[in-house]
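The structure under discussion appears below in the form of structure tokens.
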Amino acid sequence: MSFEQIDLQWFAAEDEGRTEEPSDYKLKKARDEGRLAKSQELCAAVVLLFTVVTLVILAPQIFRTLADVMVFFFTRCTENDLFQKRFFGIFLMLLAKLVLPIAGVGILAGVVSNIAQNRGFLFTTKPIEPQFSKIIPKFGQYLKKTIFSFEGVFNIIKSLVKVFFVGVIAFIIIYSNLPIILQFINAADVLNAVGKIASTAALILVSSAVLFLIISIPDYFVQKKQFIESMKMTKQEVKQEYKEMEGDPEVKSHLEQAQRQLLQRNIPKQVAKSDVVIANPTHFAVALLYDPKLADAPQIMAKGADAIAQRIKAIARENDVPIIENKPLARALYAETEVGDIIPSEYISAIVTIYTQIDYLNKKK
């Protein structure tokens, strides 16, 4: 069974009514809070592998340093000033020489593996902020999550698989080297015996680290699928998010209506700065303005029917704004647009003709 075929019912998202895919906004918000699809197994495996490889590479140097430490302190164990600050400083320096290279590689591997899974550097203190709601343990929820769930079952199986294969690897490596190891029981060559046992242990460690890395790869995809399932949304959450992103549609509608009313109250000012008024003889009038800085097409500045249409035309005459009679166009613009709207694309050709006509009349004057 591939991880893409895992029954989504195991994640119980649908049981909670979360049937909608998570939006980009919710995923971004979760990322900002430090909640990501991330496998701790993958991070641990990468850190273990690089740390073990570094330990194996530096093993000869570490052995020589330890030997020097033993010689240094054992030859001075009878001195009275052994516990003075000078010896403590030497001890710290030698300890740092042994620990820092391995620790540095481990930290670097952990940082790089996290950055790779996060798809970039992410710093947030949200995950470590105290939450008083978690002070009281919820044993039922904990047991459900860790045992009676897909995550719990998967983690148990994963742990058993790791223990089994590590045992198999250790048995195969030790069994294959057993005759050589037994030869050193009565031998006087202690260094060779220690070296052989160390190389056997190193081989077991490296093999186990590679195994953990292989196991962590499918774990990453499982964690990713589980994260997406946990981020699924209910229909109500989708609506609420839309309100947060775009504004409440009711409020938005009221604001647009108030804006149109404000523009309509400023009819004299709007008509005076218009380019043209399109009208039919008696019923409708629509004032247009084309400003390339505001829009790519002419905009409705004012419109009206009957008495308001007559008023628009009168204001246009007072301000030398051309009035073009076009019954179908005036009626269509009045019915299909609101004040502040851009001219619909299907009327662009007719509007271009009118603007060309205005330009011709201006040149003729």
Side-chain angles (χ1 to χ4, degrees), residues 20 23-26 28-29 233-365:
E20 307 302 312
S23 64
D24 293 338
Y25 173 75
K26 186 173 183 179
K28 182 181 182 301
K29 186 177 179 182
M233 308 166 68
T234 63
K235 294 183 183 298
Q236 182 59 35
E237 287 174 336
V238 173
K239 293 178 182 178
Q240 184 63 33
E241 184 182 284
Y242 176 79
K243 289 181 180 180
E244 293 176 2
M245 291 288 293
E246 303 294 335
D248 191 324
E250 261 186 48
V251 175
K252 193 174 181 181
S253 175
H254 287 312
L255 289 175
E256 289 176 352
Q257 185 177 359
Q259 185 180 16
R260 293 190 188 104
Q261 290 175 352
L262 180 63
L263 291 173
Q264 281 290 82
R265 285 199 296 269
N266 293 330
I267 284 179
K269 183 178 177 181
Q270 300 299 325
V271 174
K273 66 179 183 181
S274 298
D275 297 327
V276 62
V277 171
I278 301 174
N280 69 6
T282 55
H283 293 294
F284 302 106
V286 180
L288 305 180
L289 172 67
Y290 174 53
D291 188 348
K293 296 178 182 178
L294 300 178
D296 295 328
Q299 185 179 10
I300 305 293
M301 300 303 293
K303 72 171 191 174
D306 300 328
I308 297 177
Q310 299 303 323
R311 184 185 175 201
I312 288 174
K313 289 191 286 185
I315 296 170
R317 294 188 192 97
E318 292 172 4
N319 292 274
D320 294 326
V321 176
I323 300 174
I324 303 296
E325 290 191 1
N326 188 319
K327 294 180 182 179
L329 184 58
R331 183 183 294 274
L333 291 178
Y334 180 85
E336 298 179 19
T337 63
E338 296 291 345
V339 175
D341 288 354
I342 303 300
I343 295 299
S345 57
E346 58 265 32
Y347 301 119
I348 290 295
S349 179
I351 298 299
V352 168
T353 303
I354 289 174
Y355 269 79
T356 304
Q357 185 179 353
I358 295 171
D359 185 60
Y360 171 77
L361 292 174
N362 289 335
K363 289 179 180 179
K364 188 174 181 181
K365 286 182 181 179

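Only heavy atoms go into these numbers, but all of them, side chains included; no hydrogens, no water, no symmetry mates.
- Here CD1 of Ile358 is found 8.0 Å from CG of Leu288. Values are rounded to the nearest 0.5 Å.
- Residue-environment remark: CG (Asp296) stays at or below the threshold of 12 foreign heavy atoms within 6.0 Å.
- At least one side-chain heavy atom of Ile278 sits less than 4.5 Å from a side-chain heavy atom of Ile351.
- One distance of note links CD1 of Ile312 with CE of Met301; it measures 11.5 Å at 0.5 Å rounding.
- For Tyr355, there are no ring-ring contact (aromatic ring centres under 6.0 Å, His included) partners at least two apart in sequence or on another chain.
- The heavy-atom pair separating Ala272 from Val321 by the smallest distance is O-CG2, 3.9 Å.
- Here the closest non-hydrogen pair linking Ile308 and Ile267 is CG2-CD1, 3.9 Å.
- When every heavy atom of Ile348 is checked against every heavy atom of Ala297, the shortest pair comes out as CD1-CB, 3.9 Å.
- Here the side chain of Gln299 pairs a donor or acceptor atom with the backbone of Gly340 at under 3.5 angstrom.
- Residue Ala305 comes nearest to Tyr334 through the heavy atom pair CB-OH, 3.5 Å, listed as atom of the first residue, atom of the second, then distance.
- Residues Pro322 and Gln357 are not in side-chain contact: their nearest non-hydrogen atoms beyond the backbone lie 4.5 Å or more apart.
- Across every non-hydrogen atom of Leu329 and Asn326, the tightest pair is N-OD1, 3.2 Å.
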As a quick check of understanding, evaluate side chain to side chain contact (heavy atoms under 4.5 Å, CB included) for Ile343 and Ile300, giving each step before the final call.
CA-CA 7 Å; Ile343 295 299; Ile300 305 293; 3.6 Å; yes
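- Taking each heavy atom of Lys273 and Leu289 in turn, the nearest pair found is O-CD1, 3.3 Å.
- Considering CG of Asn319 and NZ of Lys269, their distance stands at 13.0 Å, rounded to 0.5 Å.
- Residues forming a side-chain hydrogen bond (donor to acceptor under 3.5 Å, both in side chains) with Asp306 (at least two apart in sequence, or on another chain): His283.
- The backbone N or O of Thr337 sits less than 3.5 Å from a side-chain atom of Lys303, completing a donor-acceptor pair.
- At a threshold of 4.5 Å between non-hydrogen side-chain atoms, the residues Val277 and Ile315 do not count as touching.
- You'll find the side chain of Glu325 stays beyond 4.5 Å of the side chain of Lys313, heavy atoms only.
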